[in-house]
Amino acid sequence: MFGRMRGPGVGRSVLIFWALMSTVPLHAQGVVRVRSVPELRQALAGVRPGTRILIAPGEYSGGLYFANLHGAPGRPIVLAAEDRANPPRFVGGNNVFQFSDVSYFELQDLVLSGARFNGLNIDDGGTYDTPSHHVVLRNLRVSEVGPEGNRDGIKLSGLDDFRIENCRVERWGSGGAGIDMVGCHRGIILGCVFRQGGATAIQSKGGSAQITIRGCRFEDYGLRGVNIGGITGLEFFRPPVDQMPANGRYEAKEIRVEGCTFVRGGAPVAFVGVDGAVVRFNTLYHPGRWALRILQENTEPGFVPSRNGVFEDNLIVFRSDQWASGGVNIGADTAPDTFRFARNFWYCSDRPEQSRPNLPTPEQDPIVGKDPLLRDPERGDFGVRPGSPAASRGAHAFRAPRR
């Protein structure tokens, strides 16, 4: 994963800045301030690596499309709020923003709402061999998308080497995802919040690989919290299906979900046409039916059955009247015998004697039927009190690896 990127500061006093304004082009100065959509279009029309475009507070019309914006290593193009405490709001359009074929590009501290299709769309412009790459999304607020149909809060297609940090996505389309990734690689989604969703909060499919979802919170997220895999039309895969091993094709692989908290919703995690994924140190509180699902939705020739999943060190608190199939839903054409379970904490809050799940393979060192002593779940605090037998399981016990 690439390191954190920042644009250079201008390092000039206000007087010097304004003195130079009449003689030096805006883009050469490193910072451009805009107060309207036409000014934003003008700023992006000739943008150079290292330029930071600051948008004044206010409401702006959405439906904006930009392409071929390319920063450089250590000199990203940054589009951000002028005032983080009073961020600009972009409203409406099919997509509030769509960016195609971009690299070394950052969006920060913006509010996007009211899109008919997707709140934010970033893609490779249909040129699968030249993905967009090195993109950072930070402190975005995306909401009110759709509301009906396959409408996504953030849609990513053909994006590599990316970071999505401290974003909040709420009320996306009934059949869509909070973040939907098709053919995306080497990314991290960190510290984000997903609430009141449609079908899925986060989905990675279409050949997506090497993606980490870490320290996120999911509340009333819809049917599936994280859909690891899915079903994608063969023409949309990145890499193309014919470049995958003949009998080793996959919707997703090498996906990690760690340190996250899932509250209510249908199933926190679904392994769907995946070839290897790790789900660890998460807290799952009162899921609607299952703790996890193992499914195969893409049954085209050459695709591996859902296999090689790892589910370990998670804390699962459920109710007996909101629990089906022993907590695990296993679909046809999957390989559940390749899944590994270890050190999970299982607790049925209304009937502790019914806490044991029905897993497809034996679990190593589980804890079953003990009260985890959650601090205050009614107020949204899912940490544990001193002396908890779940002290070493769940999101509160996760420690991010050092860089």
Side-chain angles (χ1 to χ4, degrees), residues 1-62 64-91 95-112 119-122 132-142 154 156 159-168 187-188 190-192:
M1 189 61 56
F2 57 94
R4 190 174 181 182
M5 300 175 290
R6 294 186 176 91
V10 288
R12 299 182 175 95
S13 69
V14 174
L15 290 176
I16 294 175
F17 177 86
W18 287 109
L20 291 174
M21 281 288 286
S22 61
T23 59
V24 180
L26 281 177
H27 295 313
Q29 298 166 27
V31 173
V32 181
R33 289 177 170 80
V34 301
R35 295 183 176 276
S36 68
V37 169
E39 288 182 3
L40 176 60
R41 292 187 186 277
Q42 182 180 8
L44 287 171
V47 71
R48 298 177 181 177
T51 301
R52 188 176 184 88
I53 299 173
L54 301 181
I55 306 171
E59 184 168 306
Y60 301 79
S61 296
L64 303 175
Y65 174 78
F66 302 98
N68 299 309
L69 304 176
H70 298 288
R75 295 185 297 147
I77 295 168
V78 180
L79 186 60
E82 183 179 55
D83 180 0
R84 292 184 60 187
N86 189 13
R89 299 177 57 85
F90 288 83
V91 181
N95 305 311
V96 178
F97 273 111
Q98 181 174 354
F99 297 95
S100 296
D101 275 322
V102 297
S103 64
Y104 298 101
F105 178 70
E106 301 187 11
L107 288 177
Q108 299 179 12
D109 303 303
L110 306 179
V111 177
L112 315 180
L120 171 62
N121 197 113
I122 300 178
S132 289
H133 60 91
H134 291 91
V135 169
V136 176
L137 309 178
R138 184 179 290 119
N139 300 330
L140 303 182
R141 302 294 180 262
V142 183
I154 299 174
L156 308 174
L159 176 63
D160 292 351
D161 301 298
F162 61 94
R163 184 180 183 92
I164 303 175
E165 182 177 353
N166 194 34
C167 293
R168 177 171 296 185
I188 183 167
L190 177 65
C192 295

Item to check | side chain to side chain contact (heavy atoms under 4.5 Å, CB included) between Leu107 and Phe99, worked out | outcome: CA-CA 11 Å; Leu107 288 177; Phe99 297 95; 3.8 Å; yes
Item to check | CA sep, side-chain torsions, deciding dist, call: Leu40, Phe90, side chain to side chain contact (heavy atoms under 4.5 Å, CB included) | outcome: CA-CA 12 Å; Leu40 176 60; Phe90 288 83; 4.2 Å; yes
Checklist entry - Yes or no on side chain to side chain contact (heavy atoms under 4.5 Å, CB included) for Leu69 and Leu79, after CA distance, side-chain angles and deciding distance? => result CA-CA 11 Å; Leu69 304 176; Leu79 186 60; over 6 Å; no
Next on the checklist: Applying side chain to side chain contact (heavy atoms under 4.5 Å, CB included) to Ile55 and Tyr60, what does each step give before you reach the verdict?
Outcome noted: CA-CA 10 Å; Ile55 306 171; Tyr60 301 79; 3.6 Å; yes
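Here the shortest heavy-atom pairing between Leu54 and Ala81 reads CD2-O, 4.0 Å. When all heavy atoms of Pro88 and Leu110 are compared, the pair lying nearest together is CG-CD2, 3.6 Å. When all heavy atoms of Arg52 and Ala80 are compared, the pair lying nearest together is NH2-CB, 4.3 Å. Of all heavy-atom pairs between Tyr65 and Arg41, the closest is O-NH1, 4.3 Å.
Between Ile53 and the choices Val78, Leu44, Val31, the side chain to side chain contact (heavy atoms under 4.5 Å, CB included) rule is met once, by Leu44. Each of Val135, Ile77, Val136, Leu137 was scored for a side chain to side chain contact (heavy atoms under 4.5 Å, CB included) with Glu106, with one residue passing: Val136.
Rounding to the nearest 0.5 Å places CD1 of Ile188 at 8.5 Å from CD of Glu165. Here the CG atom belonging to Asn139 is positioned 4.5 Å from the CG atom belonging to Asn166, to the nearest 0.5 angstrom. Note that NE2 of His134 and CG of Leu159 are 10.0 Å apart. Values are rounded to the nearest 0.5 Å. Here the OG atom belonging to Ser100 is positioned 7.0 Å from the CG atom belonging to Asn121, to the nearest 0.5 angstrom. The distance from the SG atom of Cys167 to the CZ atom of Arg141 is 7.0 Å, given to the nearest 0.5 Å. Between the CD atom in Glu59 and the CZ atom in Arg89 there is a gap of 6.5 Å [rounded to 0.5 Å].
By the salt bridge (Lys or Arg N to Asp or Glu O under 4.0 Å) test, Arg35 pairs with Glu82, sequence neighbours left out. Under the rule for a ring pair (Phe, Tyr, Trp, His ring centres under 6.0 Å), the partners of His133 that lie at least two apart in sequence or sit in another chain are Tyr104. Looking at residues two or more places apart in sequence or on another chain, you find a salt bridge (Lys or Arg N to Asp or Glu O under 4.0 Å) between Asp109 and Arg84.
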